[in-house]
Amino acid sequence: MEFATFADRAGTIDAEPADLEIVAHVRELLAEAGDDLEIVARFAQGRVFPAWDSTTLDIGPNACYEAIARAAGTNVSAGDVEDRLAAVGEIGDVAASYDFGGQRGLSAFTGGGGAGSESEGTGGDLTVREVSDTLEEVAAAEGSGSQDRKVDLLFGLFNRCSSEEARYLARIVLSEMRIGVGEGAVRDAIAEAFDVPAERVERALQVSNDYGQVARIAREEGLEGLDAMDLEVGRPVQAMLAQAGTVTDALEEWEEAGVEWKYDGARVQLHHDPAGSGGATAETRVFSRNMEEVTDALPEVVEFAADHLEEPAILDGEVVAIDADGSPLPFQEVLKRFRRKHDVAKAREAVSVRPVFFDCLHAGGDDLLAEPLTTRHDRLRSVLVDSTVDSGAVDDEDIEGLSLLWRTDDPEEIESIDADALEAGHEGIMLKDPDSTYSPGRRGKHWRKRKPDVETLDCVVTGAEWGEGRRATFLGTFELSVRAGDDLETVGKVATGITDEKLAELTELLEPHVAAEEGQDVDLEPAVVFEVGYEEIQSSPTYSSGYALRFPRFQGVRPDKDPADADSLERLERLRG
Ligand code: AMP
């Protein structure tokens with residue numbers, strides 16, 4: 001397909017406000033793409049590479065401005081392009097505003113877009129394949145002088161563009177296509193163009209993350225071909241996402257909730273093939289939540305795979321930073337490791353990481369996306385246990401790298417799992433529908449991170465406990481009270497949502513107000529007010545107010561408030577309803 005034709009169709013789509021019409025235009029575009037179908041399906045979304053591929057052009061916007069400036073003529077500089085961008089606001093409009101015709105013939109000196117074209121000029125002869133091939137060359141250029149080479153290649157392309165071609169080339173180069181073609185539009189257009197059901201296209205997209213390949217297979221092999229597409233070990237899948245939710249809602253909607261600890265780390269998807277594609281050595285790749293490859297930054301995960309996985313598998317989990325005792329460190333620590341490209345061994349000495357897996361998308365040749373969570377978790381267990389021990393009779397706690405999954409309809413049990421998670425230094429809990437399938441890329445109701453869902457309360461801190469182990473010098477587990485006339489009555493204790501750094505700060509703030517101490521228990525003079533979130537207010541004999549906050553969470557200190565300004569028992573009763 002001529003790149004001019006693509007640019008013309010993209011212009012029509014760009015001008016179209018109605019979603020249905022956009023799908024119809026994309027359908028036509030795919031239908032006329034011929035041999036370039038894969039490229040056109042990607043370009044329509046502004047992608048040069050498949051969604052699973054973390055390859056980038058590896059250029060900054062300046063390289064693009066420079067290439068446009070050179071193609072625009074000797075009197076235009078990259079700074080002029082940037083100024084025009086500041087005035088106009090959009091790179092496509094900027095690129096389209098120059099006349100590249102003055103450069104006729106120059107592309108011969110620069111490789112002519114990498115495709116050895118014979119006819120240079122002002123548009124009309126460039127094909128989408130040439131654009132794609134050249135952009136691949138741009139991406140592949142590495143090492144010294146590569147930035148200049150990239151600019152040369154881009155210049156070669158712009159130099160052959162008409163205004164409209166330049167508009168869409170610039171947008172593709174800077175990943176700013178924005179013509180309103182989302183993933184759903186391409187899915188529907190593929191379904192309509194090649195007469196296959198949209199939900200089967202969707203499944204094929206989920207397993208492959210390659211719109212180009214799915215479009216081609218839909219056209220060439222139809223439904224049968226699409227259904228035969230499977231996950232591939234080594235090709236990342238979009239991560240299933242969670243939304244915020246409460247225990248109360250989860251238990252109302254599902255008969256039982258799956259409950260897991262929520263680890264405060266970074267999402268990882270581990271792909272491991274013990275035989276490797278060449279048959280000799282294992283192949284392991286690790287991807288981030290956005291399908292970016294992070295294998296080299298996380299040698300511990302690669303080692304984990306080599307030690308624990310005996311069959312090809314795709315596992316979903318979290319990588320957590322740990323201290324010398326193996327206790328979790330705050331999220332900020334994992335960030336020091338996660339995307340690191342240099343000095344990985346040195347960084348590893350300072351902070352080590354450990355993977356914990358909570359899902360299994362593929363094992364031993366079976367795709368498991370359509371299986372319920374409980375089946376996937378059983379499979380995860382067996383993938384990990386097989387290599388850990390010979391006997392099947394082993395406690396889940398003893399299986400390295402396995403995130404435990406409880407199933408319960410008992411709120412008390414959930415509360416105690418939450419308390420254990422916090423005690424062990426984790427973030428809290430995740431609630432999952434035990435029957436749900438794995439929906440890549442979806443932020444659905446099937447996975448919920450628990451959060452307080454009601455108004456916060458300002459409570460006076462009237463007691464605390466000295467911590468243990470690593471936290472022995474910190475006050476923690478703060479006793480909370482509300483005003484009742486001239487007195488203060490207790491409503492609960494908060495130990496949740498507080499980092500070590502914060503604990504140190506709070507200890508400094510509260511220590512001058514210690515009134516009495518016995519063992520780990522500390523009485524505090526009323527002086528400091530905490531804002532706390534919670535899920536519910538319950539009647540309870542445990543606290544002197546007669547109520548208890550369910551799942552209280554620390555939100556912050558209220559330095560602007562005195563104990564006299566804290567919330568009252570009346571407000572608590574009103575909030576309880
Ligand atoms: P958030 O990042 O706050 O939207 O919470 C969702 C994230 O929590 C996921 O993307 C994971 O990275 C992380 N997470 C930690 N533990 C779990 C778990 N047991 N199940 C699922 N996600 C988890």
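For ligands, and for the atoms within them, numbers begin at 1 and follow the listed sequence.
Of all protein heavy atoms, the one closest to atom 16 (N) of ligand 1 is Tyr263 N, 2.9 Å. Among all protein heavy atoms, the one lying closest to atom 18 (C) of ligand 1 is Phe358 CD2, 3.4 Å. Atom 10 (O) of ligand 1 has as its closest protein heavy atom Arg267 NH1, 2.9 Å. The single protein non-hydrogen atom nearest to atom 1 (P) of ligand 1 is Lys449 NZ, 3.3 Å, given as residue, atom name and distance. Counting only heavy atoms of the protein, atom 14 (N) of ligand 1 lies nearest to Glu318 OE1, 3.6 Å.
Taking any N or O of Trp261, backbone or side chain, at least one lies under 3.5 Å from an N or O belonging to ligand 1.
With ligand atoms numbered from 1 in the order given, ligand 1 contributes 18 (C), 19 (N), 20 (N) to contacts under 4.0 Å with heavy atoms of Glu260. Taking every non-hydrogen atom of Met430 and a distance limit under 4.0 Å, the qualifying atoms of ligand 1 come out as 17 (C), 18 (C), 19 (N), 20 (N), 21 (C), 22 (N).
Proximity of Lys432 to ligand 1 is established by a heavy-atom distance of less than 4.0 Å.
Thr507 places a side-chain N or O within 3.5 Å of a backbone atom of Leu475 that can act as its donor or acceptor partner. Here the side chain of Arg337 pairs a donor or acceptor atom with the backbone of Val351 at under 3.5 angstrom.
The aromatic rings of Trp261 and His426 lie tilted to each other, with the angle between the two planes from 30° to 60°.
Cation-pi contact between Arg376 and Tyr438: absent, since separation from the ring centre below 6.0 Å together with deviation from the ring axis within 45° is not met.
The ring-ring contact (aromatic ring centres under 6.0 Å, His included) analysis of residues 338-357, with sequence neighbours excluded, yields the pairs Phe304-Phe357.
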N/O donor-acceptor pairs under 3.5 Å from side chains in residues 180-190, not counting sequence neighbours:
residue: Glu183; atom: OE1; partner: Tyr211; partner atom: OH; Å: 3.2
residue: Arg187; atom: NH1; partner: Glu202; partner atom: OE1; Å: 2.8

Before you tell me yes or no, could you show the steps for Thr55 and Asp53 under side-chain hydrogen bond (donor to acceptor under 3.5 Å, both in side chains), namely the whole-Å CA-CA distance, both residues' side-chain angles and the distance that decides it to 0.1 Å? CA-CA 5 Å; Thr55 308; Asp53 189 341; 2.5 Å; yes
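For atom 5 (O) of ligand 1, the candidate residues are Lys262, Met240, Arg289; the nearest heavy-atom contact is made by Lys262.
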